[in-house]
Protein chains: 2
Amino acid sequence: MEEYSEKQLSILKVAERLFADQGFHGTSVRDIAQEADVNIAMISYYFGSKDKLLETIFRFRMEASRKFINELLENDTLEPLDKIYSLIDRFINKMLGEQYFQCIMSREQLNSQQSPVRDLIWQLKGEMLGLMQPIVTNAQEAGIFHKDVDVEMLMTTLFGTIHQVIPAQHILKKSAPPEVISDEDYGAYIRNRVSTHLKKLFKAILTHEF
Amino acid sequence: MEEYSEKQLSILKVAERLFADQGFHGTSVRDIAQEADVNIAMISYYFGSKDKLLETIFRFRMEASRKFINELLENDTLEPLDKIYSLIDRFINKMLGEQYFQCIMSREQLNSQQSPVRDLIWQLKGEMLGLMQPIVTNAQEAGIFHKDVDVEMLMTTLFGTIHQVIPAQHILKKSAPPEVISDEDYGAYIRNRVSTHLKKLFKAILTHEF
DNA sequence: AACAAAATTAAACAAACGTTTAATTTAAAC
DNA sequence: GTTTAAATTAAACGTTTGTTTAATTTTGTT
């Protein structure tokens, strides 16, 4: 909807990184202003307050997530399992492509007192579930997937695994083959590793004979 | 090692809850002092500083986790899959039994700059992996489990799923049968649901024919 | 009872916080 | 070129922050 100037975007970008690295309360508006190379007052001037700044980051990313979800709905020709595979890969790419924001989400979803940000998070998660649920259900009714699968928990595993991968990358990195050197190589290595793992996991539980 | 007085324990308990609910920087020592019904100065007097207080909480819980790991090592008579099942259940009980602390861990592991607390977290995670790795590897060599399983990622899924369940409980609650009313009922319901899900998941990926 | 050590308190500390003010510069419109 | 609005600044605002001080109370020991 709204558009942001370069200066506003640079504030949003810096704030997102710092909130991710140090937490919302661990980051001061002076930190943000300094790293974004703007006057402190500009943050209130543009966004109203520090809280509103966080909210802006969320609305900004969430809008993109909505688009993302709608795009996923258009994969209607694939078979159920391939749909799931496609969904997994897109989720991984999306979430690992905006790791700073995902860090903020990981943090904010833990806050006990409700807030606009908290509501946005669970709203989005609901929509994600609403995306996956019918794919699985349809395949279950068609006899392709098993009946006794807890889709809500499967979604939890999907989110949880990726969210756990983000801070664990420096550990997972150690198992990478020696030819993985550059940051790009490394990003591709992680994506592939998570993708392979999750696809196996989902295929196994959705189609395995018990 | 050290023992703590009732007053100290009450501070630790309150601080753990508040850190979990509002984050470390989102909680003031005045908040803690007030809820624990002690003078503000007592926190510095007992623990040195707010940072040291957090570190104390971590050392306190980690010591228990070490014991927990060592107990797990004694299940040597079970078959591989049952070992895994036992491990899953114990992890769930342990982690859902100290949800406040797990919230703090979820948050702290995201911090980019290293700290004593951060080191402790990854140290413990390494030990957890060292616990699971040989169980799977032995079973793989015995031909009971599949070869192509990424144990490190499996551990990531285990942690990630449970860590994701903690803040998602108010959502997962909605699917509970009507006879689940009390907090205890509800705790048991969640534990069982997560347990069932993770066991299916692990069994499927470890023993499924691809 | 007298003393020493530990525990507890209210008050004060400087530093950092988010936000606002009022003055100034830049840009746009006429 | 003048006028008006928007953007930008440095400085100050009043709180709140974590921590310390110094005085007092409690506790334990002889």
Side-chain angles (χ1 to χ4, degrees), chain A residues 1-60 104 107-108 111-113 115-118, chain B residues 1-60 104 107-108 111-113 115-118:
Chain A
M1 300 296 166
E2 310 128 83
E3 297 207 347
Y4 298 103
S5 68
E6 267 193 51
K7 217 162 204 171
Q8 285 171 312
L9 284 173
S10 110
I11 293 174
L12 288 170
K13 195 176 168 185
V14 168
E16 187 180 51
R17 192 184 81 240
L18 293 182
F19 287 160
D21 284 346
Q22 321 173 359
F24 178 74
H25 292 293
T27 305
S28 71
V29 292
R30 280 171 180 80
D31 290 340
I32 300 169
Q34 189 177 342
E35 292 223 23
D37 199 32
V38 300
N39 190 281
I40 322 169
M42 294 309 288
I43 291 171
S44 293
Y45 180 72
Y46 279 143
F47 304 101
S49 68
K50 192 189 176 190
D51 286 272
K52 293 267 188 65
L53 172 60
L54 178 65
E55 211 178 310
T56 304
I57 293 173
F58 262 84
R59 296 196 184 282
F60 186 83
I104 301 178
R107 280 205 163 92
E108 294 300 317
N111 289 354
S112 66
Q113 58 186 135
S115 65
V117 160
R118 218 184 94 110
Chain B
M1 303 292 168
E2 310 126 83
E3 297 206 347
Y4 299 102
S5 68
E6 267 193 50
K7 217 161 205 172
Q8 284 171 313
L9 284 173
S10 110
I11 292 173
L12 288 170
K13 195 176 167 187
V14 168
E16 188 179 52
R17 192 183 82 242
L18 293 182
F19 287 161
D21 284 345
Q22 320 173 359
F24 177 73
H25 291 293
T27 305
S28 72
V29 292
R30 280 171 181 81
D31 290 340
I32 300 170
Q34 188 176 346
E35 292 222 22
D37 201 30
V38 300
N39 190 283
I40 323 172
M42 294 308 289
I43 290 172
S44 293
Y45 180 70
Y46 278 141
F47 303 101
S49 67
K50 192 190 174 190
D51 286 272
K52 293 266 187 64
L53 172 60
L54 178 65
E55 210 177 312
T56 304
I57 293 173
F58 262 84
R59 296 196 185 282
F60 186 84
I104 301 178
R107 280 207 165 89
E108 294 300 317
N111 288 356
S112 65
Q113 59 186 136
S115 67
V117 159
R118 219 184 94 110

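None of these values were measured; they are calculated from a predicted model. Proteins come first, then strands; the chains are lettered A, B, ... in the order of their sequence lines, and each starts at number 1.
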Looking at every strand, decide which applies to [X] at a 4.0 Å heavy-atom threshold: base, sugar-phosphate, or nothing.
{"X": "A:S28", "answer": "sugar-phosphate"}
{"X": "B:T27", "answer": "sugar-phosphate"}
{"X": "A:Y46", "answer": "sugar-phosphate"}

- request: Specify the residue among A:N39 and B:M42 whose closest nucleotide of DNA chain C lies further upstream toward the 5′ end.
  value: B:M42
Nearest-angstrom distance from the residue atom [atom1] of [X] to [atom2] of [N]:
{"X": "A:K50", "N": "C:dC17", "atom1": "NZ", "atom2": "C1'", "answer": "8 Å"}
{"X": "B:F47", "N": "C:dA7", "atom1": "CZ", "atom2": "C1'", "answer": "14 Å"}
{"X": "B:K52", "N": "D:dG18", "atom1": "NZ", "atom2": "P", "answer": "16 Å"}
{"X": "B:I43", "N": "C:dA10", "atom1": "CD1", "atom2": "C1'", "answer": "15 Å"}
{"X": "B:K7", "N": "D:dT25", "atom1": "NZ", "atom2": "C1'", "answer": "12 Å"}
{"X": "A:H25", "N": "C:dC17", "atom1": "NE2", "atom2": "P", "answer": "13 Å"}
{"X": "B:Q8", "N": "C:dA7", "atom1": "CD", "atom2": "C1'", "answer": "11 Å"}
{"X": "B:R30", "N": "D:dT15", "atom1": "CZ", "atom2": "C1'", "answer": "11 Å"}

field: CA sep, side-chain torsions, deciding dist, call: B:F47, B:I11, side-chain contact (heavy atoms from CB on, under 4.5 Å)
entry: CA-CA 10 Å; B:F47 303 101; B:I11 292 173; 3.7 Å; yes
task: Take B:I104 and B:V117 through the test side-chain contact (heavy atoms from CB on, under 4.5 Å) and record every step on the way to the result.
output: CA-CA 10 Å; B:I104 301 178; B:V117 159; over 6 Å; no
query: Between D:dT20, D:dT19, C:dT19, which nucleotide has the shortest distance from any of its atoms to the side chain of B:A41?
result: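 Nucleotide nearest to B:A41's side chain: D:dT20.
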message: Could you check whether any side-chain heavy atom of A:F19 comes within less than 4.5 Å of a side-chain heavy atom of A:E108, counting everything from C-beta outward?
response: no
field: Side-chain heavy-atom pair B:P116, B:F58 within 4.5 angstrom cut-off
entry: no
query: Phosphate oxygens OP1/OP2 of D:dA7: is one of them under 4.0 Å from a side-chain N or O of A:Y45?
result: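 Answer is yes, contact under 4.0 Å.
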query: What do you reckon, is CZ of B:F60 surrounded by more than 12 foreign heavy atoms closer than 6.0 Å?
result: no
